[in-house]
Amino acid sequence: MMFMNDEGTENGGLLVSGYKGKDGALHSTGHLSFDEYESDQTLSLDAQQEGGERFSRIGLNDMPLRDYTAEEKTARAKLQSMKAGPEKNQALRAFRVAHSDAGQKPRIQLIRSNQGGAALLISDVAGNDRIEIAVDAKGNPSIVFLDSKGKVTKRLP
């Protein structure tokens with residue numbers, strides 16, 4: 001389901017799918033996002049299960065305040081029409097690399113990982129993780145501070 005603005009252009013969406021594969025593996029995807037005007041998602045909620053792997057995430061993102069080129073708009077439309085899953089995730093990463101000045105920059109992410117941990121990631125305006133507050137699958141808490149290149153500058157405990 002696509003959310004449309006007053007001008008009839010896409011402004012977010014809701015994607016939901018799920019099935020049990022022939023091999024018995026479970027597959028489920030849920031995605032809810034809200035976009036800035038003529039831009040991409042600034043708030044997203046995601047849950048995904050591919051067999052035994054699963055994660056959940058809430059993301060708050062910064063988007064550049066500029067108009068997209070015709071090429072970028074075409075590429076984004078193609079991405080938005082793709083079915084959720086690994087192929088779309090790979091295409092999205094490739095788009096962000098090719099159009100790095102056009103892509104969203106994650107600022108805050110709340111994640112439940114496949115490995116059983118949970119984390120809060122806070123990033124700078126360039127999208128670089130700078131603080132990670134986490135609890136691993138064994139219940140061990142940590143706070144990690146990173147420089148803009150991802151190097152750990154301090155770790156607690």
Side-chain angles (χ1 to χ4, degrees), residues 1 3 10-21 23-66 68 72 75-76 79-80 82-157:
M1 175 185 313
F3 301 146
E10 190 259 336
N11 209 48
L14 172 66
L15 303 168
V16 180
S17 69
Y19 62 94
K20 188 173 188 176
D23 61 355
L26 305 176
H27 303 270
S28 179
T29 299
H31 171 84
L32 173 65
S33 64
F34 300 95
D35 301 351
E36 287 185 353
Y37 180 81
E38 289 294 323
S39 191
D40 212 343
Q41 49 197 259
T42 57
L43 171 64
S44 63
L45 290 85
D46 295 283
Q48 189 164 353
Q49 179 180 11
E50 292 291 330
E53 295 186 18
R54 54 193 182 130
F55 79 93
S56 302
R57 182 181 76 83
I58 298 172
L60 299 150
N61 307 298
D62 278 343
M63 294 302 298
L65 296 174
R66 68 169 184 79
Y68 285 102
E72 290 167 337
R76 284 184 67 246
L79 279 170
Q80 291 170 344
M82 292 177 72
K83 181 181 174 187
E87 185 176 307
K88 182 174 184 172
N89 293 341
Q90 182 178 4
L92 183 57
R93 283 191 296 274
F95 175 84
R96 288 183 181 145
V97 168
H99 305 282
S100 61
D101 64 324
Q104 62 182 232
K105 306 286 191 264
R107 293 303 305 273
I108 299 172
Q109 298 181 71
L110 185 57
I111 302 167
R112 178 188 54 87
S113 73
N114 182 48
Q115 294 78 27
L120 171 64
L121 301 175
I122 303 173
S123 304
D124 62 22
V125 294
N128 302 308
D129 292 344
R130 299 302 298 268
I131 299 173
E132 177 184 300
I133 302 169
V135 177
D136 68 18
K138 295 179 181 178
N140 301 309
S142 65
I143 302 175
V144 177
F145 298 86
L146 306 128
D147 68 15
S148 62
K149 295 183 179 170
K151 180 182 176 193
V152 175
T153 59
K154 187 169 186 171
R155 182 183 305 268
L156 301 171

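- With values rounded to the nearest 0.5 angstrom, Ile122 atom CD1 is found 5.0 Å from Ile131 atom CD1.
- Between Gln41 and Ser33, the shortest heavy-atom distance links the atoms CB-CB, 3.8 Å.
- Looking at Thr29 and His31, their side chains never bring a donor and an acceptor atom within 3.5 Å of each other.
- Put simply, the side chain of Ser142 does not reach to within 4.5 Å of the side chain of Asp136, judged on heavy atoms.
- Of the inter-residue distances, the one linking Gln48 atom CD with Asn114 atom CG reads 10.5 Å to the nearest 0.5 angstrom.
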* **Chi angles and distances behind the salt bridge (Lys or Arg N to Asp or Glu O under 4.0 Å) call for Arg57, Asp46** => CA-CA 5 Å; Arg57 182 181 76 83; Asp46 295 283; 3.2 Å; yes

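- Closest heavy-atom contact between Glu132 and Ala134: OE2-CB, 3.8 Å.
- The CZ atom of Arg130 sits 10.5 Å away from the CZ atom of Arg107 when rounded to the nearest 0.5 Å.
- Using a 4.5 Å heavy-atom cutoff, the side chains of Asn61 and Gln109 are not in contact.
- Note that CG of Leu15 is 10.0 Å distant from CE of Met1, once rounded to the nearest 0.5 Å.
- The nearest pair of heavy atoms linking Gln115 to Ala137 is O-CB, 3.2 Å.
- Under the 4.5 Å side-chain criterion, counting only non-hydrogen atoms from C-beta, Ser123 is in contact with Asp129.
- One distance of note links CG of Leu60 with CG of Leu121; it measures 12.0 Å at 0.5 Å rounding.
- How far OG1 of Thr153 is from CZ of Phe145: 7.5 Å, rounded to the nearest 0.5 Å.
- With contacts defined as side-chain heavy-atom distances shorter than 4.5 Å, the pair Arg54/Arg112 qualifies.
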